[in-house]
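Every chain is numbered from 1 and lettered A, B, ... according to where its sequence line falls, protein lines coming before strand lines.
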Number of protein chains: 2
Amino acid sequence: MENISENIRIQMRKGLLEYCILRILSNEEAYASSIIEALKGAKMIVVEGTLYPLLIRLKNQQLLSYRWEESTQGPPRKYYMITDKGRAQLEEMDAAWSDLVESINHLKK
Amino acid sequence: MENISENIRIQMRKGLLEYCILRILSNEEAYASSIIEALKGAKMIVVEGTLYPLLIRLKNQQLLSYRWEESTQGPPRKYYMITDKGRAQLEEMDAAWSDLVESINHLKK
DNA sequence: TTTTGTACTTTGTGATACAAGGTATTGAAA
DNA sequence: TTTCAATACCTTGTATCACAAAGTACAAAA
C-alpha cells in the first residue's frame, strides 16, 4: 500500500459508490463512460473494473434497468435508468447518508 | 441478507469507522467498551468483533498507543490514546471527509 | 469453589473496490 | 481487403473491511 492518502479516500468511499450511481441516474439515463465522467466531476474517481460489476449488481437487484442504443462512433452503448424500486432504495440511502453526516458531526464536537 | 436497510448503513460506514475512532480519541483516552459507548451516542453501532481488530490495526500503524490500567471492577483495561502520527492522519481524514461530503452534495444537484 | 460480569481476542464469512487483464464492435488508414 | 486505433463492455484475482460467533483471561461475589 503505497499511497496512504489515496487509500483513505478509497476506504471511505466504500458503500457510497452505489449511492452515487443511483443519485446520478435519478436525473438522467447514462452509460458506463458517462457515469464515470459524472463521478469525475464530483471528484469520485472510479475505474471500469469497479463500475461494471456494480452496475450489474444494481441491475440484478432490479434497482436499475437498461436499454441498448446505437452510437454514432463505436459500438452500441448500454444506457442505464433507475427503476421505481431503485428510487425507493435511493430514498433509504438519502436517509442513511444524512444520518451518517450527522453522526460524524456529532463526533466532531 | 435479510435487513437491506441495515446493510446499506453497514456498507456506507465502511472505512469511516477508523476515522470515527481517531476522532473520539482525539479528545480523550478510552478503552474499547467506552469507545463503543461513544459510537452508540453517535448512532454508529459496532460490535466488539469489529472494534478490537480495528484498534490493533491502528496501533500497528502507530496511529494509536495504549497503556494498561487497573479497574476497580473486573480485569484491567487497555486505554488507547492517539499519537502524533495519528493526529496527522486525522487531519488527512478530515480533509477526505470534507471532500466526500462535498462530492455527494455535488451529485445531489 | 463456582458463578457472574467485564474485558480482550480470534476465526470464518460476505461484501466491496481495485488492478490488470480480455472480448467485441466500429470506422479510418494502409 | 486488411490492419489498426478508438470505444465500450466484461472477467478474474487480490486486499480490505465489518460482522457473527465463537473463545480466553481476570476479578469479585455467591
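- Distances shown here put a side-chain N or O of B:Arg57 below 4.0 Å from the OP1 or OP2 atom of D:dA18.
- Within 4.0 Å of A:Gly15, counting heavy atoms only, lie sugar-phosphate atoms of the nucleic acid but no base atom.
- Separating the CD atom of B:Gln61 from the C1' atom of D:dA15 is a distance of 14 Å, rounded to the nearest angstrom.
- Heavy-atom nearest nucleotides on DNA chain D were determined for A:Glu48 and for A:Gln11, and the one closer to the 5' end corresponds to A:Glu48.
- Contacts of B:Ile36 with the nucleic acid, taken as non-hydrogen atoms under 4.0 Å apart, are absent.
- Residue A:Gln89 is tested with A:Ile82, A:Leu63, A:Leu58 for a side-chain contact (heavy atoms from CB on, under 4.5 Å); the sole match is A:Leu63.
- Regarding contacts with the backbone of D:dC9, every side-chain N or O of A:Tyr31 stays at 4.0 angstrom or more from both OP1 and OP2.
- Between B:Gln73 and A:Ile56, it is A:Ile56 whose nearest contact on DNA chain D lies nearer the 5' terminus.
- Put simply, CE on A:Met12 is 12 Å from P on D:dC17, counting in whole angstrom units.
- In this structure, A:Leu17 atom CG and C:dA15 atom P are separated by 17 Å, rounded to whole Å.
- Rounded to an integer number of Å, the gap from NZ of B:Lys59 to C1' of C:dC8 is 13 Å.
- Counting non-hydrogen atoms under 4.0 angstrom, A:Ser33 reaches the backbone sugars and phosphates but no base.
- Figure legend: cation-pi geometry between A:Lys78 and A:Tyr66, with NZ or CZ positioned under 6.0 Å from the six-membered ring centre and within 45° of its axis.
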Worksheet item: Going through the checks in order, is the side chain to side chain contact (heavy atoms under 4.5 Å, CB included) test met by B:Ile35 and B:Leu55?
Response: CA-CA 10 Å; B:Ile35 291 174; B:Leu55 289 172; 4.0 Å; yes
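- In this model, the phosphate group of C:dC18 is not approached by any side-chain N or O of A:Lys14 to a distance below 4.0 Å at OP1 or OP2.
- Contact check, B:Tyr52 against C:dA7: no side-chain N or O comes under 4.0 Å of OP1 or OP2.
- Positionally, the nearest nucleotide of DNA chain C for A:Arg13 lies more toward the 5' end than for the other of A:Arg13 and A:Glu70.
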